[in-house]
Amino acid sequence: MFEADTHDVLQRSFTGDLPSKERVAQAVAEAHARYAGHTDGAVADYIPILAEADPNWFGISLIDVFGGHYPAGDTELKFSIQSISKAFVFALVCESSGHAQLHQQIGVNNTGLPFNSVMAMELNNGSPMNSMVNAGALATTAMMPGESAAEQWENIRSGLSAFAGRQLELDGQVYRSEMATNTRNKAIARLLESYGRITRDPLEIVDIYTRQCSLSVTAHDLAVMGATLADGGVNPVTGEQVIGAETARDTLALMASCGLYERSGEWLFEISLPAKSGVAGGMVAISPGKGAVGLYSPPLDSAGNSVRSQRVCAYLSKALGLNLFASSAQVKGNNV
Ligand code: GLN
């Protein structure tokens, strides 16, 4: 373990800047034009209502840490946030319970298995593994502050609304459609209970989790939420400090390693940004200190990640120099 022996070290940050406003606007518009005609992937149908989405819906919104806004396409269309909520609920719980508690109680390692895997838990002594997959997300939601399920839900809703900078509403149709069909999540919650990983009523936890997944957002909302993580926890549109800078950093680290489920390694290798996807076709990708991209395009790959959104992120990562790991050698003078 290499945690906890650096508390006395002053942290410095170097993240660089985005290119000019004109260049950012142009790159977002180019990305939309370039991928609008791509038709790969399939719209999710295991939650029946999601199958009604039009595969052509496509929006990209980039928000920088100064609140600058660069939209292209359907950035005001509403859809359910789904698994993207996991990253922001993690942030709220990490802020209230602390980094070490989450590390110990949930875990921060990738499963290498699909988001709704039961096997991942079985192979790891009942560990929920990480907050970005369903088992870990259910266990994280159970840790949300609140005296009752209703209070926990209200805290999630108001917390995610602070990230978005507006009051987010539940999409009742999505909630009911998922509650009628989510037997697997109920089984995962029961398994968590059997391993002593949750002590509350498992079905109550599934209900809160399904509500958080059914919050209605736009690509613009996702960009503002992501930009809050890019800006040390301060919402760059409202100016509110939603979480602390350390929690923002922890959240981004977990998104980088686990945000795209079993494709997270490939994602980091190709695109190199913390990100989170959801089965309704939403995605958020964050460039720390610079800004975030919120995306919406319903057709998914086999892991449940929006296909067009991934392509756009690959393009913008390159075109705008967002890749976390990129560097170029400093030009050194002769007498340095
Ligand atoms: N609510 C969905 C589920 O639990 C979220 C999954 C996802 O977006 N990958 O199945």
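Both backbone and side-chain heavy atoms feed into the values below; hydrogens, waters and symmetry mates do not. Numbers here are sequence positions counted from 1. Whatever order the structure lists them in is the order used to number ligands and atoms, beginning at 1.
Taking the ring axis of Tyr315 as reference, the NZ or CZ atom of Arg34 does not stay both within 45° of it and closer than 6.0 Å to the ring centre.
Aromatic ring orientation, Tyr296 versus Phe79: parallel (interplanar angle below 30°, classes split at 30° and 60°).
Applying the side-chain hydrogen bond (donor to acceptor under 3.5 Å, both in side chains) criterion to Ser272, with sequence neighbours excluded, gives Asn323.
Residue Lys186 places its NZ atom among more than 12 non-hydrogen atoms of other residues, nucleotides or ligands, all under 6.0 Å distant.
Ion pairing between Asp301 and Arg263 holds under the 4.0 Å rule for side-chain N and carboxylate O.
Protein residues with any heavy atom under 4.0 Å from ligand 1: Tyr46, Gln82, Ser83, Phe115, Asn134, Glu178, Asn185, Tyr209, Cys213, Tyr261, Gly278, Val279.
Proximity of Leu260 to Glu266: side-chain heavy atoms (C-beta onward) are nowhere separated by under 4.5 Å.
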